[in-house]
There are 4 protein chains.
Amino acid sequence: MTIKVVIAGFKGKMGSTAVDMVKSDDQLELAGLLDPFATEKEIDGVPVFTVKEALVGFEADVWVDFTMPKVAYGNTRFALENGFAPVVGTTGFTEEQIAELKALSSEKQLGGLIAPNFAIGAILLMEFATKASKYFPDLEIIELHHDKKKDAPSGTAIKTAELIREARAFKKQGAEDEEELITGARGAEFNGFRIHSVRLPGLVAHQEVIFGAQGEGLTLRHDSYDRSSFMSGVNLGIKEVVKRKELVYGLENLLS
Amino acid sequence: MTIKVVIAGFKGKMGSTAVDMVKSDDQLELAGLLDPFATEKEIDGVPVFTVKEALVGFEADVWVDFTMPKVAYGNTRFALENGFAPVVGTTGFTEEQIAELKALSSEKQLGGLIAPNFAIGAILLMEFATKASKYFPDLEIIELHHDKKKDAPSGTAIKTAELIREARAFKKQGAEDEEELITGARGAEFNGFRIHSVRLPGLVAHQEVIFGAQGEGLTLRHDSYDRSSFMSGVNLGIKEVVKRKELVYGLENLLS
Amino acid sequence: MTIKVVIAGFKGKMGSTAVDMVKSDDQLELAGLLDPFATEKEIDGVPVFTVKEALVGFEADVWVDFTMPKVAYGNTRFALENGFAPVVGTTGFTEEQIAELKALSSEKQLGGLIAPNFAIGAILLMEFATKASKYFPDLEIIELHHDKKKDAPSGTAIKTAELIREARAFKKQGAEDEEELITGARGAEFNGFRIHSVRLPGLVAHQEVIFGAQGEGLTLRHDSYDRSSFMSGVNLGIKEVVKRKELVYGLENLLS
Amino acid sequence: MTIKVVIAGFKGKMGSTAVDMVKSDDQLELAGLLDPFATEKEIDGVPVFTVKEALVGFEADVWVDFTMPKVAYGNTRFALENGFAPVVGTTGFTEEQIAELKALSSEKQLGGLIAPNFAIGAILLMEFATKASKYFPDLEIIELHHDKKKDAPSGTAIKTAELIREARAFKKQGAEDEEELITGARGAEFNGFRIHSVRLPGLVAHQEVIFGAQGEGLTLRHDSYDRSSFMSGVNLGIKEVVKRKELVYGLENLLS
């Protein structure tokens, strides 16, 4: 049996990529489309709506939402109240809103997902690096991005470093009498380990965590080439929420 | 408080490497040494024994065993019966022997470890690869070893592939009309994915599992340079068994 | 002083990418555009032509050609006869045509370039790998492409292998008693070395040549993400041909 | 015909490794051994000497020298005067001494090599990186060493950077409004590009130069695992000097 999916915000970049993803998966069926900017009545036989209220009583299983912060909360509430399990990639939810939506989902016995990051690979990398750091306290992070990126280290590298800090026994790495012949050679210091930021044209978004121990090394690397990488996570979200009875925050909670 | 360690088989390669490891860790204390081939009475103040029976009543916490298959079972039994938590790297135990030793350890309320592989990095790689294969069914394994190695793929690659087969939904990878212009280009086929074996001088033992999905990639790599890599695992084993009340088989059961 | 460039075939994918490249480089000036399918008379002040004859007497330095095999020869001849140094990415020239165009360019004292491959990185990789193979006869090639690719090994890998064959003293690599537990593990055999083809979604076009010798390794890797990678080579070609007095075949002849 | 080799300083680490290398190559013959600390008269049929003067009139083609700075100049002179082509790995020669030995070699019509670094892979990496930087001005260097290393960046990284500086058109890389959220993230700045130093247990000596351009990347990596890596260079030196008629300084001058 296929899972019937509504996509809210289908005119946006993420929304339209989600449309392609749903169409290309035999286990999913594109049931409806919603976007206030839509002018079509239907696309390839799929009905198009411009206001969410028109979907009251509509038959579908999952509500994928790539809209805007100001409407996402209302949309997610609406989805839960009307029997659609929400899979939401829009950002900007407050902790209170998340708690409220969780309670509502539980009451309605509907699964759901709100995720700031849908890249399964990035999430697995963080999880694996965190676990490895328990056994290999010596590590360095190298993150590599295109040369238009302004901030260094990247947000993902800092998030990864924070997760490692919680799991790893503190250790100040490197030789005691270590000396930088050129300032910055040893990278950014974070909790006793180092983070290096490479910026080059041609690169997109890449991260490597290298662990070293006597006689061995472990290297974990994630490469992200474009936004389509998020779609594996959206796909997984759709297939998981229909099996569950409560909304979760963070894709990592669906990976077990 | 330090953990007092006896090392059985200290004249062998693994045993003597274990001696160095224990000496270099402040949390451990080398309490005794056992080897039928020893001629010394003591080494640096540490008493040396040639028969295990001489250790009845000896004060120590952990019994590290790198001896030979024919004596390892007897040694492990002896350790448990005399209050030493065993950490055993010798191979050749039958399933019945392991079950029996587990039961004995439980009765004696002693932790213990029998491990065919002490390389934490190799074990983490297998665990991470297995988990990632649930979400990224498209993967290939590249293992790289020195050019004296006879068999291909390596035992570790086959073990990794078997673990992945259990976790991953079967998928025949590659283009449907794929064609090898030179036989073997696409590597060894295993459960729909491919394994490639590289053999070059200078290499030791390395393994990479590469996952690909739309717009992203995840690469996990383990490098093993020499036998000292096993010592992180022995060290972890020593520190874990003293906290436990039952023997386990496989280092992965101490990684949590 | 800027170099004035005409682009023939500007409506095609490569041609339009070349337009963007020329516009974004201060040392280059887009002087004219040619395409039989063009309907505009000019674009942003640049005159547009639909037949090459309209360019007789036109003032420009370089003629970039991304047209079609059947017109490329005529176009290149026309360029040389009218004082434009040609930079041609169209394929399908015969050896006789190339020899003839070389002679014509020499007579006209004009530089020129006909190149089947404009990716500088790929060309450098081949050159470096060829040179390294003289000193490190032990090597393996791993090429990685998207999983829609039909043929394995890739054309670039075979080209690289052929160049290495010419430079390297023949050696049958690997252990003498090497044994494949699963057929294909050791890859495709070429002149005593091995080529491995990885196919995964998310990948584009990548190639690694790994050299091993006692106690050391050398790895050369090229990653190609999209067709824009060809533009560094076109840019280099434009800047080099204006300094020269004879047409060359192959971008490698402009790298010195 | 085999090349007859004398090894001076055969009791040292490098010298004894050279003995093994010569013995394992069918094209070479170990003809004599020299070391003031030797007590043997012969080893496996090879005559052993303790003073160089005893080798006047000795029949051999090449003089491999891994002795000490204070005797190396005298040894090299002696070798040339007695018809042995010198291959010298001892350091500490002045420019005047090198010029003098070059002149002497030329007069004697003997080839010779004095090399501060015999790792062919390291030398090829520098040469390739230097050439690539002409076409890809955007690059970063990552060097990785064991965590006992005091200085960062490594000497090899600085040497590589200097060679690149000479070949590459100056460019200040990275985003104009680049900002380090943690100091040092972007590494050491050298001539507009960046160098990153990773220090981890288990590593030996590794260097990567990563080039990026629109849509493509080129990565060159050298891994050095132990001193035996120098032996490929010594081997090459022995085979090249017998074909030449003048001494050169630097192994790169024998790679063509």
Side-chain angles (χ1 to χ4, degrees), chain B residues 136-155 157-158 161 171-191 193-204 206 208-219 223, chain C residues 136-155 157-158 161 171-191 193-204 206 208-219 223:
Chain B
F136 293 130
D138 287 282
L139 68 105
E140 304 213 2
I141 297 177
I142 302 175
E143 53 92 349
L144 311 93
H145 283 81
H146 56 88
D147 66 343
K148 303 283 179 255
K149 188 171 179 62
K150 181 182 167 178
D151 53 314
S154 69
I158 290 174
K171 177 173 180 182
K172 188 170 177 342
Q173 292 178 200
E176 279 194 25
D177 56 352
E178 191 169 78
E179 192 186 352
E180 283 187 343
L181 303 182
I182 309 177
T183 309
R186 289 286 288 118
E189 202 267 328
F190 184 99
N191 201 236
F193 61 90
R194 304 284 173 157
I195 307 174
H196 308 269
S197 300
V198 174
R199 298 290 174 264
L200 286 172
L203 294 175
V204 186
H206 317 261
E208 233 176 74
V209 188
I210 309 179
F211 297 88
Q214 206 188 345
E216 71 180 317
L218 182 70
T219 303
D223 296 281
Chain C
F136 294 129
D138 287 283
L139 67 106
E140 305 213 2
I141 297 177
I142 302 175
E143 53 92 349
L144 312 93
H145 284 81
H146 56 87
D147 65 344
K148 304 283 179 255
K149 187 170 179 64
K150 180 182 168 178
D151 54 314
S154 69
I158 290 175
K171 178 175 180 182
K172 187 170 177 342
Q173 294 178 197
E176 279 194 24
D177 56 353
E178 191 170 79
E179 193 187 350
E180 283 187 342
L181 303 182
I182 309 177
T183 308
R186 288 286 288 118
E189 201 267 329
F190 184 99
N191 201 235
F193 61 89
R194 304 285 172 156
I195 308 174
H196 308 269
S197 301
V198 174
R199 299 288 175 266
L200 286 171
L203 294 175
V204 186
H206 317 261
E208 232 174 74
V209 188
I210 309 180
F211 297 89
Q214 206 187 345
E216 71 180 317
L218 182 70
T219 303
D223 296 280

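Every value quoted in this text rests on a predicted model; they were computed, and no experiment measured them. Below, read A as the first sequence line, B as the second, and so on, with proteins coming before strands; counting in each chain starts at 1.
To the nearest 0.5 angstrom, B:His196 atom NE2 is 13.5 Å from C:Arg194 atom CZ. Considering CG of B:Leu181 and CD1 of C:Ile195, their distance stands at 10.0 Å, rounded to 0.5 Å. Taking NZ of C:Lys149 as the start and CD of B:Glu178 as the end, the distance is 11.0 Å to the nearest 0.5 Å.
Interface remark: of the candidates B:Ala157, B:Gly202, B:Gly215, B:Gly202 forms the most heavy-atom pairs closer than 4.5 Å to chain C. Among C:Ala175, C:Ala185, C:Ala213, C:Gly212, the residue making the largest number of heavy-atom pairs under 4.5 Å with chain B is C:Ala185. Ranked by heavy-atom pairs shorter than 4.5 Å toward chain B, the options C:Glu180, C:Arg186, C:Glu189 are led by C:Arg186. Of the listed residues (B:Gly187, B:Gly174, B:Gly217), the greatest number of heavy-atom pairs within a distance under 4.5 Å of chain C belongs to B:Gly187. For the options C:Val204, C:Val198, C:Asp147, heavy-atom pairs under 4.5 Å to chain B are most numerous at C:Val198.
For C:Phe190, the part sitting under 4.5 Å from any heavy atom of chain B is the side chain, from C-beta outward, and nothing else.
Annotation for C:Lys171: atom NZ counts as buried by contact number, over 12 foreign heavy atoms lying within 6.0 Å.
With hydrogens and angles disregarded, no donor-acceptor distance shorter than 3.5 Å links the side chain of C:Gln173 to the backbone of B:Leu200.
Using a 4.5 Å cut-off on side-chain heavy atoms (C-beta onward), B:Leu203 and C:Ile210 make no contact.
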